[in-house]
Amino acid sequence: MTDPTAQALIARSNRLGADKKNTNFAGGNTSAKGFTTDPVTGEDVELMWVKGSGGDLGTLTAAGLSALRIDRLRALVNVYPGLEREDEMVAALDYCLHGKGGAAPSIDTAMHGLVDAAHVDHLHPDSGIAIATAADGEALTAKIFGDKVVWVPWRRPGFQLGLDIAAIKAEHPEAIGCILGGHGITAWGDTSEESERNSLWIIDTAAAYIAEHGAPEPFGGVVAGFEPLPETERRARAAQLAPVVRGIASTDKPMVGHFTDSDAVLDFLSREKLAPLAALGTSCPDHFLRTKVKPLVLDLPATATAEDQINRLHELHAAYREDYRAYYEAHADETSPAMRGADPLIVLIPGVGMFSYGANKQTARVAGEFYVNAINVMRGAESLSTYAPISDAEKFRIEYWALEEAKLQRMPKPKSHQGRIAFVTGAASGIGKAIATRLAAEGACVVVADLDLEKAQAAAAELGNADVAIGVAANVADAAAVQGAIDAAVLAFGGVDLVVNNAGLSLSKSLLDTTEADWNLQHDVMAKGSFLVAQAAARAMIAQKLGGDVIYISSKNSVFAGPNNIAYSATKADQAHQVRLLAVELGEHGIRVNGINPDGVVRGSGIFAAGWGANRAATYGVKEEDLGQFYANRTILKREVVPENVADAVYVLTGPELTRTTGLHIPVDSGVAAAFLR
């Protein structure tokens, strides 16, 4: 059972973290001190529970807490080797832990333990950081808060900062907290309620002061041509640029993207101070660790053509990489980790919006949220004073900190498809749903495309939240609908890497019974539909310059001549040859095109449930409920084929093992000799 003190801490943390005005995702930390019984000695022992490294206050649970003995934690003061060696104190915290389990102690643990208060909150509110990054932040702190809040000059988080704040608390008994220069706020209290109340008072007081005394146009006037485009036009331009920008951001390693065109972003992008403020970079360590120190800013108006914007983006990217390398080389020494990559994580397009990037969708989305925080901080600082973030030298010390590098090295190995964006048609049921499920399980972001939007969205929701999968409507026989679905994919995740042409239907009729409408319907959905999806997706893939995969779910019937099946089998043969044709055409772009020939996939199949099963059962003279086993019995392996078997083949074809394979058809039919390809 969780200790009552820890339970109260979790509740406080969740309340504070639930409101983004208080702190950003995974930012800040909270603590509480209290007594519990030592299970070894039976005596009371004072502990501190503190949010561990990497956790999020809004979703904090008991597993995300570290529990440390206060006596041992404070005894570290006696062995502290000084500022030059303060990083050694992080390892020493392990010797202060109480019991096993729990989260790893964060770099801010010393701040919480050394401050003589039962409850401490360290937060990153936009209003507080605005004061912390103002050029005259110290004077503003005194003016706004009086003697209740004390200014602390910038110091990198660590043991020394804990000592500094502990001293301030002792020297200023009237104070309820402090503003940490360039960083955030810390508040404390004798009770959990008092600490929370003090934190919120600092945040709300800063926000109210900015609102009352701030300049009305802190970012300057609107620049002609940089105003937001109308929404429909803006979204269309964003979809057009998204694959190009993702390719830019993925030069060193593949990234997933997120698009934001909120009012706060569009207003900032339209203003005179956009370029100079963006060039100063972010300040709070939580911000720039996720956004990189500076964004890439397109310096063309929204009225420029897409072609001109794309050409300029490539020029700016080359300059950005040179500037980042210069930043690294100016501050790195022999102990610094290798440069992690020189591509931007934030790309700002005036009139259109912001693209943000990360190793997965959540990281990309959070990076965008953090840059919105940074915009709010700059607005507040500029409205009262001048925005003055910490220096590039200090940013480098954080970004390439040995402790930060160690945290990165502890991250789990990425799954095979992490960073890949999959677009699967007909994915609300059957084979398509199984494929979408497998790809999501392997780390891909998945777009579930289906004729029925409601079913597509329901299937996507089964895979996870919008960071994992989205559902879109896609009538694959309609070029405009297909393009709209691909546009939705690139706006949701930044681009597209993996397309599965699975949408299909079938009518079991003889030559004489097959109508022209029957023929056209099946060819429109499968032959024409596969062509339209491959064409729209290939445009995005080529623009990304990241290669990609196109998979056709064809059929054993593409090579096997069965009865009463003229329209379906003919269109499957069309799909099969599209594989060969596109493999040849798209190979120069690194795009691999392969096919899968399933047979007898009865279980969970939308096609079989829609009447095809009954027709095939009648054709073969068996009961419909026995059709799956009938298909299995006629195979070499005598094993029924299920949707997950087809999904396995998609995984293998698009995974890391067959990177030199294109133009291949893989049978997934348990062995039908008449359908052997060779």
Side-chain angles (χ1 to χ4, degrees), residues 25 59 239 242-243 246 254-260 355-369 412 414-476 481-503 533 536-537 540-541 544 546 548-551 553 604 606 643-644 646-651 653-655:
F25 177 82
T59 56
R246 182 180 178 227
M255 292 284 181
V256 175
H258 179 74
F259 176 68
T260 306
F355 294 98
S356 54
Y357 296 92
N360 53 50
K361 173 64 177 186
Q362 184 195 56
T363 306
R365 175 177 54 78
V366 169
E369 292 173 0
K415 295 181 178 181
S416 62
H417 286 61
Q418 181 173 310
R420 304 204 74 196
I421 301 158
F423 183 92
V424 185
T425 66
S429 63
I431 291 173
K433 187 175 183 179
I435 292 168
T437 301
R438 179 62 188 274
L439 293 175
E442 299 299 336
C445 298
V446 178
V447 179
V448 175
D450 201 89
L451 186 62
D452 188 318
L453 175 60
E454 186 174 335
K455 289 181 179 178
Q457 292 174 332
E462 290 181 31
L463 301 181
N465 61 24
D467 289 340
V468 176
I470 64 166
V472 300
N475 177 1
V476 297
V482 168
Q483 188 61 57
I486 293 293
D487 286 351
V490 302
L491 286 179
F493 298 117
V496 63
D497 304 303
L498 194 167
V499 170
V500 182
N501 272 316
N502 169 75
V533 171
M541 290 182 186
Q544 288 174 158
L546 298 174
D549 284 285
V550 179
I551 301 292
I553 306 302
E644 288 73 20
V646 183
D648 291 342
V650 173
Y651 160 72
L653 279 172
T654 60

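Considering all non-hydrogen atoms of both residues, Ala367 and Tyr357 come closest at CB-O, 4.0 Å. Between Ala459 and Ala428, the shortest heavy-atom contact is CB-CA, 3.9 Å. Here the closest heavy-atom approach between residue Val468 and residue Leu463 is recorded as CG1-O, 3.6 Å. In terms of heavy atoms, Ala485 sits closest to Ala474 at CB-CB, 4.0 Å. Residues Val533 and Phe423 approach most closely at CG1-CE2, 4.1 Å, considering heavy atoms. Across all non-hydrogen atoms, the minimal contact from Ala540 to Val496 is CB-CG1, 3.7 Å.
Electrostatic pairing of Lys433 and Asp450 does not count as a salt bridge here, judged by no charged N lying under 4.0 Å from a carboxylate O.
With sequence neighbours excluded, the residues forming a ring pair (Phe, Tyr, Trp, His ring centres under 6.0 Å) with Phe259 are Phe355, listed by chain and number. Not counting sequence neighbours, Gln418 has no partner by the side chain to side chain donor-acceptor pair (under 3.5 Å) test. In terms of the side chain to side chain donor-acceptor pair (under 3.5 Å) criterion, residue partners of Asp549 (sequence neighbours excluded) are, by chain and number, Arg420, Arg592. Not counting sequence neighbours, the partners of Asp487 by the side chain to side chain donor-acceptor pair (under 3.5 Å) test are Gln483. Remark: Glu442 pairs with Ser416, Arg438 by the side chain to side chain donor-acceptor pair (under 3.5 Å) rule, at least two apart or across chains. His258 pairs by the ring pair (Phe, Tyr, Trp, His ring centres under 6.0 Å) definition with nothing, not counting sequence neighbours.
The side-chain heavy atoms of Phe25 and Gln362, taken from C-beta on, include a pair separated by under 4.5 Å. Annotation: side chain of Val650 is in contact with side chain of Ile553 (closest heavy-atom distance under 4.5 Å). Taking 4.5 Å as the limit, every side-chain heavy atom of Asp497 sits out of range of all side-chain heavy atoms of His417. Inter-residue side-chain proximity for Val448 and Val424 is flagged as unmet; no heavy-atom pair is nearer than 4.5 Å.
Thr425 contributes a side-chain N or O that, together with a main-chain N or O of Asn502, makes up a donor-acceptor pair within less than 3.5 Å. A donor-acceptor pair under 3.5 Å is absent between the side-chain atoms of Lys361 and the main chain of Ala466, judged by distance alone. Looking at Lys455, its side chain never comes within 3.5 Å of a backbone N or O of Ser429 through a donor-acceptor pair. Side-chain atoms of Arg246 do not come within 3.5 Å of backbone N or O of Val256 as any donor-acceptor pair.
Thr260 OG1 to Leu491 CG: the interatomic distance, rounded to the nearest 0.5 Å, is 11.0 Å. In this structure, CD1 in Ile486 is found 7.5 Å from CE in Met541, a value given to the nearest 0.5 Å. The CZ atom of Arg365 lies 9.5 Å from the CG atom of Asn360; values are rounded to the nearest 0.5 Å. Interatomic distance, CG of Leu653 versus CD1 of Ile551, reported as 4.5 Å (0.5 Å rounding).
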